[in-house]
**Student:** 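Before I ask anything, let me first share the structure, which is written out below as structure tokens.
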Amino acid sequence: MRLGHHLYTDGVVCSDRHETKMAILCMLFLILVIFPHGLQSSNQHSLHIQEAGKTGEITVKYTVIHDLLCTSSCSHSLPLTVPEGDTLLQIMESAQKEKPAYFGFTKTETSLGTFITSIGGINGSTKNRTYWQFLNGAVPIIVGVAQYKPSNGEHVIARFSKY
Ligand code: B12
């Protein structure tokens with residue numbers, strides 16, 4: 001009786017260990033299937049895009065957001081492959097050519113350079129204290145669009161904002 005119980009207990013322990021081993025093996029297999037190239041950092045991802053493109057070209061994502069005034073379909077994005085060294089203004093011109101309704105813009109020349117006055121038919125206004133703000137991801141760009149040169153893999157955002 002006692003011996004049998006002992007053997008039975010051992011049997012359960014043995015089977016528990018076997019199940020744990022199988023579960024670990026299954027998890028390792030799943031990780032290999034989901035991340036065949038390992039967990040890449042965004043830098044490595046950008047590098048991958050650069051390698052995939054022609055030499056001297058970069059890929060940027062350009063998004064226009066006007067959620068100050070609208071409640072649905074307030075954002076439009078475009079992936080663009082452009083010559084390396086293009087300014088944001090030149091990239092905006094490429095986007096304008098592709099989809100003028102969403103990315104068409106107007107500008108004015110000032111002593112500081114080019115100032116963007118409207119995008120997609122939406123005008124900034126001194127009276128309402130609104131303007132088109134430019135960001136690299138979540139970070140506001142500190143120069144004008146004619147001076148700024150986005151990097152490969154960058155997400156440039158033009159957001160209708162208040163000041
Ligand atoms: C107020 C201000 C703004 C206001 C102007 C609105 C208004 N009606 O007052 C708003 C919020 C719209 C603004 C926007 C931007 N600004 Co600003 N702005 C200033 C600030 C703080 C004061 C300008 C001012 O009133 N001068 C006094 C008046 C009497 O002189 P003014 O020549 O008439 O001023 C006009 C120009 O400065 C113009 N303006 C303002 N900003 C910019 C930016 C660019 C690129 C251009 C061409 C013109 C311009 O608007 C002013 C009013 O009409 C300056 C910093 C400073 N201390 O100078 C930064 C400054 C001029 N802005 C700057 C920047 C980078 C921008 C943005 C590009 C920021 C962004 N990430 O989007 C945007 C422009 C985007 C676009 N649509 O093209 C930089 C320009 C740097 C450079 N060498 O290119 C400065 C120097 C700040 C900095 N980074 O140090 N700005």
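What you see is a predicted model, and the numbers here were worked out from it, not measured in a lab. Note: hydrogens, waters and symmetry copies are ignored here, and every other heavy atom, side chains too, is used. Both counts, for ligands and for their atoms, begin at 1 and track the order of listing.
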**Student:** Can the ring centres of F103 and Y62 be said to be less than 6.0 Å apart?
**Tutor:** yes
**Student:** Looking at T81, V60, L78, V82, which one forms a side-chain contact (heavy atoms from CB on, under 4.5 Å) with S94?
**Tutor:** V82
**Student:** Distance check, rounded to the nearest 0.5 Å: I141 atom CD1 versus Q147 atom CD?
**Tutor:** 11.5 Å
**Student:** Do the two ring centres, one from Y102 and one from H76, sit under 6.0 Å apart?
**Tutor:** yes
**Student:** Check whether I157 and L89 end up in the same hydrophobic cluster, where Ile, Leu, Val, Met, Phe, Trp and Tyr are linked by side-chain heavy atoms less than 4.5 Å apart.
**Tutor:** no
**Student:** Just how far is it from atom CZ of F160 to atom CD1 of I65, taken to the nearest 0.5 Å?
**Tutor:** 13.0 Å
**Student:** Could you go through ligand 1 and note, for every N or O atom, any protein N or O atom closer than 3.5 angstrom, writing the atom names and distance to 0.1 Å, or 'none'?
**Tutor:**
residue  : atom   : partner : partner atom : Å
ligand 1 : 8 (N)  : Y163    : OH           : 3.2
ligand 1 : 71 (N) : F134    : O            : 2.9
ligand 1 : 71 (N) : I141    : N            : 3.4
ligand 1 : 71 (N) : I141    : O            : 2.7
ligand 1 : 72 (O) : F134    : N            : 2.8
ligand 1 : 77 (N) : I116    : O            : 3.0
ligand 1 : 77 (N) : W132    : O            : 2.9
ligand 1 : 78 (O) : I116    : N            : 2.8
ligand 1 : 84 (O) : G144    : N            : 3.3
ligand 1 : 84 (O) : Q147    : OE1          : 3.1
ligand 1 : 89 (N) : I142    : O            : 3.2

